[in-house]
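The structure appears below as structure tokens.
Proteins get letters first, then strands, A, B, ... in listed order; numbering begins at 1 in each. Because the structure is a prediction, the values reported are computed rather than measured.
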Amino acid sequence: MTANNEIGTIQPIRELGAICRKHGVLFHTDAVQAIGHIPIDVEADNIDMLSASAHKFHGPKGVGFLYVKKGIALTNLIEGGAQERGKRAGTENVPGIAAMTAAMKEAVAAIPENTAHLTEMRDRLIAGLSEIPHSALNGDAKKRLPGNVNFCFEGIEGESLLLLLDDRGIQASSGSACTSGSLDPSHVILAIGRVHDVAHGSLRLTIGEEITAAEVDEIIQSVKEVVTYLRGFSPVWRDLMSGKREFIL
Amino acid sequence: MALYSEKVMDHFRNPRNVGIIEDANGIGEVGNAKCGDIMKMYLKIEDDIIQDVKFETFGCGSAIASSSMATELIKGKPVSEAMKLTNQAVAEALDGLPAYKMHCSVLAEEAIQSALEDYQKRQTEKAE
């Protein structure tokens, strides 16, 4: 992934691509989260193949694209008609493709302006949420998508946090097991070293370029209130506060 | 979110009997933080009647709602009746739970059972 979908971490794609080039290995990157949000140059970044999805840059849902460098032979995905040079048979979704192209042009052109504003808003949000005791930012503080914020709050579970934020008009997502329908919390949050107990209390907030400082402050206030409320009747929090259980964050 | 019934959302948003009982004579805790659910029940039983019940829960919306509903179902009831509380009764009283959330109602039943067992153990110890 060029940028991680949960914690927004931006990987050193250019360096990874260079290593692949040096060893004659084809390099594909999933840039779904990155296209239209950070600059990408397939030539300079040593990318052979790249996947993207329109809905991540305000294009329509259900359309995406795969960039393939000239000269790379791929196996056909759907056999039949001659569409897309025989790689994928079936009539193309032309309105979808046209809309995706228009959205991508707009998004890429706006990257400098949006990045400046979003980075400021993101850092404001991170600073505000960091004031919550026993919380931690997931992922790198700077090498992350300008619109991505992901936190763990100790002593609470993510789904109840989401539901109460939803009541306040804030739509977020969580890596808790309950929201994924599986028994384990997010593999990404676990992979960066958070233990299960803490990973259940993760919160992802993705902000868009229209967001204002006042709205960020409202989000901070709401998250603070909801986390405090849920901790107020969490037996885990009680044990942490009484010293029966050791704080992890 | 349409995932939960109105009843579940009501008990989640306005949980009944939240908190602790300082002089509880039956306490039960089930679940673990690793799995993302812990329920703790506090009972105050006098003359074999559950005079008061409070809970603390670390968990998702349906875990909180199930705890709340379970306390409502046993409050003021004799111990023998509370012993018969089932997870189905909790789920039914909440107008149903999504299939993969049924374990929350099981946890609520187990938390009540655990607190009642603790009460009975304490009574036996007192008698000895």
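Of all residues spanning residues 44-66 of chain B, those with a heavy atom less than 4.5 Å away from chain A's heavy atoms are B:Phe55, B:Glu56, B:Thr57, B:Phe58, B:Gly59, B:Cys60, B:Gly61, B:Ser62, B:Ile64, arranged by number.
Across all their heavy atoms, A:Glu159 and B:Tyr4 have their closest contact at OE2-OH, 2.8 Å. Between A:Leu163 and B:Met9, the closest heavy-atom pair is CD2-CE, 4.4 Å. The shortest heavy-atom contact between A:Arg245 and B:Ile38 is NH2-CD1, 3.7 Å.
Most heavy-atom pairs under 4.5 Å with chain B, from the set A:Pro235, A:Ser160, A:Ser234: that is A:Pro235.
Looking at B:Phe12 and A:Leu164, their side chains come closer than 4.5 Å, going by heavy atoms from C-beta outward.
Heavy-atom neighbours of B:Glu6 CD from other residues, nucleotides or ligands within 6.0 Å: at or below the threshold of 12. Other residues, nucleotides and ligands contribute only 12 or fewer heavy atoms inside 6.0 Å of the CD atom of B:Glu22. Within a 6.0 Å radius of CD in A:Glu106, other residues, nucleotides and ligands contribute 12 heavy atoms or fewer.
Proximity of a side-chain donor or acceptor of A:His196 to a complementary backbone N or O of B:Ala33 within less than 3.5 Å is not detected.
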* Residues B:Arg13, A:Asp167; criterion side chain to side chain contact (heavy atoms under 4.5 Å, CB included); working and verdict -> CA-CA 9 Å; B:Arg13 290 189 179 113; A:Asp167 279 353; 2.5 Å; yes
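A:Arg238 touches chain B through its side chain: at least one heavy atom from C-beta onward sits under 4.5 Å away, while N, CA, C and O do not.
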